[in-house]
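When reading the values below, keep in mind they use all heavy atoms of this one structure, side chains included, and skip hydrogens, waters and symmetry mates. Indexing begins at 1, ligand by ligand and atom by atom, following the structure's order.
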Amino acid sequence: MALDLAALPPWPEDDHAQYGPVRETKLSRIQILAGGYLHRNWLSIPHVFHHDEVDVTDAEAARKDWNERQPEARLTPLVPLLVAVARAIDRYPRFATSLGSDGQTLVFKDYRHLGVAVDTPAGLLVGVLRDVDRKPLPQLAHELAELTAKARERGLSWIEMSGAVMTVSSLGHIGGTGFTPIINAPQVAILGVTKLQTRPVFGENGALEPRTFLPLSLSYDHRVLNGVDAARFTQAVGEELTMLGTEITRSDPVDA
Ligand code: CAO
């Protein structure tokens with residue numbers, strides 16, 4: 001049966017003022033623009049949501065150690081995560097595809113530009129970090145800080161928001177245990193991340209030990225990706241984070 005949006009009941013018009021005092025304000029230009037795209041993507045992409053948590057105990061120990069050794073090049077958990085996502089895409093390249101305009105062709109992109117959702121006073125902007133797989137961690141941290149500052153102070157140009165193969169949206173600095181981000185078309189997946197959680201876990205010898213977990217919330221386009229792809233992808237992100245942690249520990253921070 002074809003979906004007939006016009007056949008839906010009209011949007012409810014309510015006189016809110018009859019229930020108590022009200023105030024009105026206009027949405028920002030960014031909110032209006034983004035709202036249109038989000039609405040389109042929500043209605044036209046068959047989203048599925050996959051939730052996972054990956055053990056980042058070793059990766060986090062390495063990051064904290066890095067930050068102590070190299071305080072002028074501090075890394076938030078998001079920076080190694082971006083690299084891990086780029087590497088996980090190398091293992092599962094369907095996460096860097098777009099559907100062709102005929103709806104039947106898949107375009108594989110061999111670059112690893114990643115979108116990063118940035119909360120700004122004017123609304124949500126998604127800036128793009130280019131070639132995440134080819135840059136040292138301090139450079140990525142610097143570029144992320146610059147992109148964030150520019151998005152918040154002056155906004156981003158269309159070019160600075162274009163060309164990502166996938167987007168990462170982090171609420172980890174605030175909290176949460178999971179959410180369901182909307183895919184940024186023509187991408188086919190977006191990875192949400194929430195706050196690190198440390199809790200006691202039974203180790204191999206049966207004793208409790210503290211382990212740290214990163215919650216991952218992956219939304220994907222079910223026309224292109226299936227549940228097994230999603231489950232493998234989030235696990236791969238965890239594995240890549242652990243391997244990156246080992247690389248960080250062995251490296252001279254300046255060269256990593
Ligand atoms: N768990 C615990 N702590 C975390 C964390 C996580 N997953 N992620 C970040 N933090 C910590 C950082 O380490 C930092 O701590 P310190 O001050 O001790 O160094 C603190 O939170 C602040 O981080 P930050 O926000 O400045 O930096 P970031 O690299 O984590 O994120 C940015 C940058 C721009 C992505 C983020 O600030 C932002 O705007 N996020 C909002 C995105 C959004 O709105 N998404 C929802 C859209 S719906 O899809």
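A donor-acceptor pair under 3.5 Å is absent between the side-chain atoms of R152 and the main chain of P121, judged by distance alone. N226 places no side-chain N or O within donor-acceptor distance of the main-chain N or O of V228, the cut-off being under 3.5 Å. Panel note: side chain S219, backbone I183; no donor-acceptor pair is recorded below 3.5 Å. Looking only at distances, a side-chain donor or acceptor of R63 sits under 3.5 Å from a matching main-chain atom of L75. Judged by distance alone, with hydrogens and angles left aside, the side-chain atoms of D58 form no donor-acceptor pair with the main-chain N or O of T242 at under 3.5 Å.
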Report every pair formed by an N or O atom of ligand 1 and a protein N or O atom separated by less than 3.5 Å, giving atom names and the distance to 0.1 Å.
unit_1: ligand 1; atom_1: 1 (N); unit_2: G172; atom_2: O; d: 3.4
unit_1: ligand 1; atom_1: 1 (N); unit_2: L196; atom_2: N; d: 2.9
unit_1: ligand 1; atom_1: 7 (N); unit_2: T194; atom_2: O; d: 3.0
unit_1: ligand 1; atom_1: 19 (O); unit_2: R74; atom_2: NH2; d: 2.9
unit_1: ligand 1; atom_1: 29 (O); unit_2: T76; atom_2: OG1; d: 2.7
unit_1: ligand 1; atom_1: 37 (O); unit_2: R152; atom_2: NH2; d: 3.1
unit_1: ligand 1; atom_1: 39 (O); unit_2: D119; atom_2: N; d: 2.9
unit_1: ligand 1; atom_1: 39 (O); unit_2: R152; atom_2: NH2; d: 2.9
unit_1: ligand 1; atom_1: 40 (N); unit_2: S170; atom_2: O; d: 2.9
unit_1: ligand 1; atom_1: 45 (N); unit_2: S169; atom_2: OG; d: 2.8
unit_1: ligand 1; atom_1: 49 (O); unit_2: S169; atom_2: OG; d: 3.1

Determine all donor-acceptor pairs shorter than 3.5 Å in which one atom belongs to a side chain in residues 162-180; sequence neighbours excluded.
unit_1: S162; atom_1: OG; unit_2: W158; atom_2: O; d: 2.5
unit_1: T167; atom_1: OG1; unit_2: Q187; atom_2: OE1; d: 2.8
unit_1: S170; atom_1: OG; unit_2: G172; atom_2: N; d: 3.3

